Each structure stands twice: as C-alpha cells, then as structure tokens.
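All residue numbers refer to positions in the sequence shown, counting from 1. Remember, predicted model here, so these are calculated numbers, not experimental data.
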Amino acid sequence: MEEHASSSSSSSQLQPSLDDCLKLFRGERDEQRLAGLLVLTKFCNKDDHTAIRKVYDALGPQFLHRLLRTGIGKGSDVGSSDNRDAYLQLSITVLAAFCRVPQIAASEEMINKIPLILEAISREAGSPIIEDCYEYLFLVSTASEEGVQTLYKSGGLNVLASQMMILPDGSHMIELALRLVQIIVIKLPSENVYSEHPTDLSLVVCAVAKQFAVLQNALKFEALHLLSTILSNRYSAPVYDALRLVENDVWSTNLWIGIVAILQNRVAPSHKLHALVLTECVISIVGERWLIGEMNLTGSQVSLPADRCILLILESSRVEIAVLLNDLAYLKYEASNASSNRENILVKQRNLGVAFSLVEKIIKLISSFGGEESTANAIISESTFTNIISGLNETIGVVLDYIRDAKEHGQMKGDDLLAAVRVIGSYLAEAPDACKDKVIELLGYILSIEGEDELSPFYSICFLLPMLCQITLETGGCKILASSGAFREVVGYLIALIDQNNFTSEDNGSIFLACDTILNLLLKQEQIKFPSDDPSFIRLLVALSRWAEGMDDASIIMMASSICSLILDLTSEEALLNHPDFTSGDVGNLSKLIRRSFVMCGQLTNSCSDCTQDLISDDAKAEVDLFQIITSAYSSWADRFPSIKQAVESSGPFGFRCVS
C-alpha cells in the first residue's frame with residue numbers, strides 16, 4: 001500500500017501542470033513558448049474554458065500568428081518542410097481549441113486569421129489538420145457577424161464548394177462544411193450571395209445531394225434542410241441555371257433517392273415538408289419527368305421502382321393539403337382570435353402553395369401522356385396510373401370543400417383561395433367532368449374569388465378558362481355558364497385583357513381561350529336563351545371593335561368579327577344607339593371590322609381556291625370557319641343595321657367561294 005501510494009505521488013509530481021505551461025509561455029524565447037504548447041496539447045481539456053482563457057492570455061495572439069504563418073510558408077524563418085508541417089498542425093490545433101471560448105472566437109485576432117485558415121485548407125487537402133481548420137472556421141463564424149462576413153469576403157464559399165465533394169461521407173468535416181454553408185446563405189444578403197456565387201452554390205448542391213442520398217443518420221436531415229434552403233430562395237434562379245449546365249444528372253438522381261427515403265419512412269412532419277419543398281425546386285430545374293424512372297444508388301445494386309417517387313410525392317402532397325386546409329379553415333373561421341394567428345396562417349398558406357404546386361406538376365406530367373393510358377403504361381403501370389387519377393380526384397374534391405366552406409363564411413378574397421382555384425383549374429382542364437356536381441354548385445362563386453392584391457376577379461377566371469372552353473363545346477356546359485351568370489365573368493375578363501393593351505404571348509393565349517368560350521356560348525344561344533340585352537355583351541362589342549382596329553393579324557380580326565356578328569344578331573342598331581355604353585362612333589368601328597373580315601376572307605379563299613383540303617393550313621381552315629359564322633349572322637341582322645350594311649356593301653361585291 002505504502003509503495004503504491006509513493007509511486008502514485010511520484011508520478012503526479014512528474015506530470016506537467018498548467019502553471020508549468022504558463023511559465024513557459026511567459027518566457028522570452030519562442031522555443032520556450034513552443035515547448036509549452038507541445039506540453040499543453042498532452043493534457044489540456046478542450047472543454048475547460050477557464051484553463052483555455054488563462055493559456056490564451058499568457059501566450060498572447062502574436063506568437064500563434066507567427067507560428068501559423070511559418071507553417072503555411074509565409075514566415076521570416078520558414079525552416080524545413082517537416083518543421084513547417086509540424087508548426088502548421090500545432091498552431092491550427094491550438095487555435096481551434098482557443099476558439100471554443102466564444103469571446104476568443106469573436107476577437108479581431110481570430111477573425112483576421114480566417115484567410116490564412118482558408119489557404120491552409122486549399123493547400124493541405126487530405127491533411128489531418130483539415131478537421132481543425134473547419135472547426136476553427138465554424139467557431140469563428142458562429143461567434144460574430146464579422147466572422148461570417150470575413151469568411152465570405154475571403155472566398156470561403158469558393159473554398160468550401162471546391163472541397164466538399166472530396167470530404168469523406170458522413171465525416172465531422174462534411175458536417176462542419178454543411179453548417180458553414182448554411183451560415184453563409186442564412187446570415188448574409190441572399191441577393192449578393194446568389195448573384196455572385198451561382199456556380200459555387202451549384203457545386204455545393206451536388207456535393208450535399210450525395211450526402212443526402214447515402215447517409216442514414218441525423219446528418220441526412222441537415223443535408224435536406226440545407227438543400228431546401230439553397231434551392232427555395234427567391235434569388236436562386238442563377239443557381240438553377242448553373243445546375244442545368246452540370247454535365248451529368250447524378251445530383252438529381254441523388255436527390256431523388258434521398259427524397260424517396262425521407263417520404264417512405266417515419267420522420268418528423270417538418271422533414272417531410274422540407275422534402276416536398278426540395279422536390280418542387282428540383283422539378284422546376286429538370287422537369288416533371290424526374291418524378292418517374294428507375295433509379296440506382298451509386299455503387300449499389302439496389303434499384304427503386306419507377307413509380308415509387310411520384311406515388312410518394314402525390315400521397316405526401318395530398319396529406320399536406322388535407323391537413324393544411326383543415327388547419328386554415330379552423331384558424332380563419334373558428335379560432336377565438338384570428339388576428340393573432342396571422343403569422344401562423346401565412347406560414348400554412350406558403351406550405352399549402354408548395355403542395356398545390358406539386359399536385360399541378362403531377363397533373364402536367366399525366367397530361368403530357370396525351371390522355372392515352374397506353375402511353376402512360378409504357379412508363380408507369382396501369383394500376384399506378386389509376387391510383388394517381390383516383391388520388392387527384394379525391395384531392396380536388398377536398399379543395400372544393402374548402403372553397404364551399406369559404407363561400408359559406410362570406411370569404412371572397414385570399415391568396416389561399418386563389419391558389420385553390422388554380423389547382424382546381426389545372427385538373428379540370430384535363431378532366432372537365434371531374435367533381436361535376438360540386439363544380440356546378442360553386443362555379444359562380446369560384447369565378448368571383450380575388451387574390452389579396454386584386455381589386456376585382458381576374459386570375460380565378462384565367463385559371464378556369466381551359467375548363468370553361470371545353471365544357472362550352474356542349475350545350476350542357478353552356479347552360480351551366482348561362483344559368484350561373486358565369487359568362488359575365490368571362491366577358492369581363494376578356495375586356496380587362498383587351499384594355500391592358502400591352503399583353504404578352506401568354507395573355508394572347510388567354511384572350512383566344514376566352515374568345516372561344518364566348519363564341520361557343522353565342523353559337524348555342526338559341527338553346528340556352530340567355531338575356532339578349534345583357535350589358536356585358538354591349539361592352540364587349542365596343543372593346544372588340546376597338547381592339548381589332550389597330551391589328552393586322554387575320555386570326556384576331558376574324559375572331560373579333562365573328563363574336564361581334566353573333567352579338568349583333570341579338571339586337572338592332574336602334575337599340576344599341578339607345579344604350580348608354582354605346583355611341584355612333586362604335587357603329588363606325590364595327591362597320592370597319594365587319595368589312596375588313598369580308599376582305600380578308602376573300603383574299604384567303606381566293607389564294608386557296610386551287611388548293612386541295614390537305615394543303616390548306618389549320619389556321620386558314622379555322623379562319624374560313626369563322627367567316628362562315630360571320631356571313632351567316634350578317635345575313636340575319638344586316639337589315640337591322642343599315643349603317644353597317646351600307647359600309648360593308650358600298651365597298652364593292654365580295655365574290656369568293658368559301659372552303660368548307
């Protein structure tokens with residue numbers, strides 16, 4: 001016992017103490033300080049902040065700065081290569097330990113060393129010191145705003161992007177690198193980061209996507225959150241462009257695999273939401289076909305079925321939609337203090353927008369098959385196709401129920417309602433008979449819904465136009481629009497588009513959809529019997545005649561003339577001139593429009609007179625069909641409009657034969 005106690009006491013006396021190291025640090029020569037550091041690394045606990053603070057105060061910042069510069073090869077006494085490596089490793093290890101004390105990490109001395117540490121990372125790839133370098137950067141960057149700003153200004157994002165792909169999967173280094181990028185993209189102005197480093201961020205996405213695919217631990221979720229943060233940023237368009245230029249699609253395959261793993265396992269709802277956000281971003285970059293196709297994990301023999309992803313995305317989106325709509329209905333209509341829930345409502349509306357967007361993208365993908373199940377079955381099975389359609393039908397029904405709830409509570413305005421109309425319109429454009437009873441019941445209300453910033457309904461009508469145009473091909477559909485008064489909304493929408501006078505090509509498509517819908521209605525007016533003196537049609541007459549006046553496009557002139565001709569057949573010149581919204585100048589505009597359509601179709605049919613039906617273009621056939629509508633209507637109302645008849649017939653005979 002005595003011998004053992006004596007031996008233990010002798011051993012403890014031989015071990016160096018913190019005080020011994022502090023004495024060496026206060027020595028006059030660098031050799032003493034270097035010896036003190038070497039001894040210190042043998043016994044000092046990195047989590048003992050009190051001891052670290054004492055060491056830092058005793059050593060001072062200048063010695064370590066000189067040691068670091070010498071290790072990198074920039075000091076006045078560079079020495080041999082072996083010495084430099086030892087100095088570099090020692091200095092970075094001690095600096096990283098010092099930075100565990102937040103006050104030291106936030107000091108100017110530590111922030112100023114960031115460029116040197118970045119240089120060490122770039123030079124020493126694969127070296128044992130790299131982990132301490134990343135730890136140093138992380139501790140300094142999280143300790144102060146100046147730290148992360150210096151990291152960014154010193155080219156930190158470029159260094160991280162170039163190194164992340166070669167870091168070991170799942171290592172502490174890749175974890176720190178992920179967190180450093182996260183700090184940069186969250187704390188610094190996005191408009192600068194994304195515009196200045198789109199290529200670097202695309203490299204980060206490629207590297208992190210690999211980790212997201214292969215890891216099966218908590219770091220997988222950190223990778224997911226970083227990816228969704230980068231790609232869902234409002235300034236991420238340059239990063240999307242950079243990713244589209246990547247030579248291979250490994251990064252998108254890795255994201256496919258990672259997202260499927262998240263959605264098919266029991267994970268927190270927040271993780272699933274991030275996976276849906278990430279999915280929406282990826283599809284925006286590479287297209288909807290990414291949702292289908294057999295995927296193989298790099299280096300693995302395991303493959304996933306081609307339809308696994310689309311089914312998971314659809315089901316997860318449907319669940320999110322059902323839950324979010326239920327939550328929003330409660331917060332808006334039943335919660336005791338709706339105003340205090342404003343922020344919660346906005347968050348849920350944003351999340352709902354993501355789920356709606358994914359459903360729309362799936363609808364777009366299914367519609368790309370051209371409505372032929374045989375085409376779809378070449379890519380996905382018949383049962384999968386059926387499941388998708390069934391799921392979409394059910395979800396659209398849930399969305400319509402939310403719309404009905406809003407109607408019952410007198411709500412006419414809201415971006416969530418407008419988003420609901422959009423997803424309904426997307427589906428009904430492909431399946432106009434879906435949820436027919438609910439659609440008929442709610443159609444008038446749906447077309448009156450406004451977004452938060454709208455002064456009158458516009459986009460709700462735009463979203464439903466493809467469906468409205470299809471259903472008005474049948475008399476039953478026309479009766480629905482007439483009985484609900486929805487035709488007035490379509491007419492008002494068309495007038496609003498025309499009055500913009502600066503519409504885009506997309507608006508041009510909407511104009512013709514609206515024109516086709518109204519044309520379908522007017523052609524069946526004898527069966528549906530809507531009011532012939534409806535003022536909306538008078539305003540449309542005026543708008544169309546003025547719109548076509550400055551146009552040379554034959555399709556515009558023929559469409560405007562055919563609609564005007566059918567409206568004129570409902571009334572008389574005398575009745576129009578007595579209407580407050582109509583003037584004698586409008587009669588002149590209508591006369592010019594009708595006359596121009598006669599002239600144009602005369603030129604067209606004369607040029608096609610020697611052509612066979614197969615050689616006449618579809619556009620030309622459509623214009624001739626419209627002219628047949630014009631001539632038929634004109635023969636019916638010409639005597640009731642003497643001014644127009646005189647203007648048309650005084651221009652000379654229009655001898656031509658129409659192509660049937």
Side-chain angles (χ1 to χ4, degrees), residues 252-253 255-265 272-273 275-295 303-326 351-403 419-439 463-464 466-467 470-471:
S252 62
T253 300
L255 291 180
W256 192 99
I257 293 165
I259 288 169
V260 166
I262 293 291
L263 295 180
Q264 71 182 0
N265 286 290
K272 289 202 172 187
L273 181 59
L276 294 180
V277 170
L278 182 57
T279 300
E280 202 274 337
C281 296
V282 179
I283 296 174
S284 297
I285 299 171
V286 301
E288 291 79 13
R289 290 276 172 159
W290 174 86
L291 285 166
I292 52 178
E294 193 171 284
M295 298 289 180
S303 64
L304 298 172
D307 58 8
R308 177 70 59 83
C309 186
I310 191 171
L311 290 175
L312 285 170
I313 296 299
L314 177 59
E315 185 59 28
S316 300
S317 299
R318 292 179 61 237
V319 170
E320 284 293 325
I321 288 170
V323 171
L324 288 168
L325 290 180
N326 186 64
N351 295 341
L352 180 65
V354 172
F356 276 163
S357 176
L358 288 171
V359 168
E360 286 187 62
K361 292 181 187 303
I362 290 173
I363 293 169
K364 183 179 178 181
L365 175 63
I366 296 301
S367 68
S368 70
F369 297 142
E372 298 182 7
E373 290 195 22
S374 59
T375 305
N377 293 340
I379 304 170
I380 55 178
S381 67
E382 183 178 351
S383 62
T384 297
F385 188 82
T386 302
N387 287 338
I388 291 172
I389 298 301
S390 175
L392 290 172
N393 276 329
E394 184 177 331
T395 293
I396 296 304
V398 170
V399 178
L400 284 165
D401 288 339
Y402 181 72
I403 293 284
V421 175
R422 174 169 172 154
V423 75
I424 290 169
S426 295
Y427 189 57
L428 294 182
E430 306 303 329
D433 292 329
C435 307
K436 190 171 184 178
D437 292 340
K438 289 182 180 180
V439 172
F463 297 149
L464 286 187
M467 180 271 288
Q470 287 192 64
I471 67 171

Trainee: Flag the pair Leu311 / Ile388 as yes when at least one side-chain heavy-atom distance between them is below 4.5 Å, and no otherwise.
Mentor: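 Yes, side chains in contact.
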Trainee: Where is the tightest heavy-atom contact between Tyr427 and Asn393, given as atom of each residue plus distance?
Mentor: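 Tyr427 and Asn393 have their closest heavy atoms at OH-OD1, 2.8 Å.
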Trainee: Within the structure provided, determine whether Ile321 and Phe356 are in side-chain contact (heavy-atom separation under 4.5 Å).
Mentor: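 With C-beta onward as the side chain, the pair touches.
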Trainee: State, with a plain yes or no, whether a side-chain heavy atom of Ile259 is found less than 4.5 Å away from one of Ile313.
Mentor: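 Of all side-chain heavy-atom pairs linking Ile313 with Ile259, at least one is under 4.5 Å.
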Trainee: Taking atom CD of Glu430 and atom CD of Gln470, what is their separation to the nearest 0.5 Å?
Mentor: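 CD of Gln470 is found 7.5 Å from CD of Glu430.
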Trainee: If I compare all heavy atoms of Cys435 with all of Leu400, which pair ends up nearest, and what's the gap?
Mentor: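 Heavy-atom minimum between the residues: CB-CD1, 3.6 Å.
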Trainee: With a 4.5 Å limit on heavy-atom distance, are the side chains of Lys361 and Leu365 in contact?
Mentor: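 No, every pair of side-chain atoms sits at 4.5 Å or beyond.
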Trainee: How far does CG of Leu273 sit from CD1 of Ile262, to the nearest 0.5 angstrom?
Mentor: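 Separation between the atoms: 12.0 Å.
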Trainee: Between CD1 of Ile283 and CG of Leu255, what distance do you get to the nearest 0.5 Å?
Mentor: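 Atom-to-atom, Ile283:CD1 and Leu255:CG are 11.5 Å apart.
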Trainee: Main chain of Ser383, side chain of Asn387: is a donor-acceptor contact present, judged purely on distance under 3.5 Å?
Mentor: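 Such a contact is found between Asn387 side chain and Ser383 backbone.
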Trainee: On a heavy-atom basis, which atom in Ala429 and which in Pro466 lie closest, and how many Å separate them?
Mentor: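 It is CB-CB, 3.6 Å.
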Trainee: Is it true that a side-chain atom of Ser357 and a backbone atom of Gly353 form a donor plus acceptor pair closer than 3.5 Å?
Mentor: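 Answer holds: no.
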Trainee: Would you check if the side chain of Ser390 reaches a backbone N or O of Thr386 as a donor-acceptor pair within less than 3.5 Å?
Mentor: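 No: the side chain of Ser390 does not pair with the backbone of Thr386.
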Trainee: Between Arg308 and Val260 (side chain of the first, backbone of the second, donor and acceptor by atom type, cut-off under 3.5 Å), is there such a pair?
Mentor: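 Side chain of Arg308 to backbone of Val260, a donor-acceptor pair under 3.5 Å: no, none is there.
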Trainee: Do you know the tightest heavy-atom contact between Val398 and Ala322?
Mentor: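 What the structure gives for the nearest pair is CG1-CA, 4.4 Å.
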Trainee: Of all the heavy-atom pairs spanning Gly397 and Lys438, show the shortest one and how long it is.
Mentor: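 That closest heavy-atom pairing would be O-NZ, 3.4 Å.
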Trainee: Counting C-beta onward and ignoring hydrogens, is there a side-chain heavy-atom pair between Lys272 and Leu263 closer than 4.5 Å?
Mentor: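 The answer is yes, as the side chains (C-beta and beyond) meet within the 4.5 Å cut-off.
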Trainee: Rounded to the nearest 0.5 Å, how far apart are CD1 of Ile363 and CD1 of Ile389?
Mentor: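 So the gap between those two atoms works out to 9.0 Å.
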Trainee: What's the separation between atom CD1 in Ile285 and atom CD in Glu280, rounded to the nearest 0.5 Å?
Mentor: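 That separation rounds to 10.0 Å.
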Trainee: Is any side-chain heavy atom of Thr395 closer than 4.5 Å to one of Leu314?
Mentor: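 In short, these two side chains do not touch, never coming nearer than 4.5 Å.
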Trainee: Supply the atom-to-atom distance Phe385 CZ to Ile310 CD1, rounded to the nearest 0.5 angstrom.
Mentor: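 The CZ atom of Phe385 sits 10.0 Å away from the CD1 atom of Ile310.
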Trainee: Closest heavy-atom contact between Leu464 and Gly425?
Mentor: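 Taking Leu464 first and Gly425 second, the nearest heavy atoms are CD2-CA, 3.6 Å.
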Trainee: Are Trp290 and Thr279 close enough that some pair of their side-chain heavy atoms sits under 4.5 Å apart?
Mentor: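 With C-beta onward as the side chain, the pair touches.
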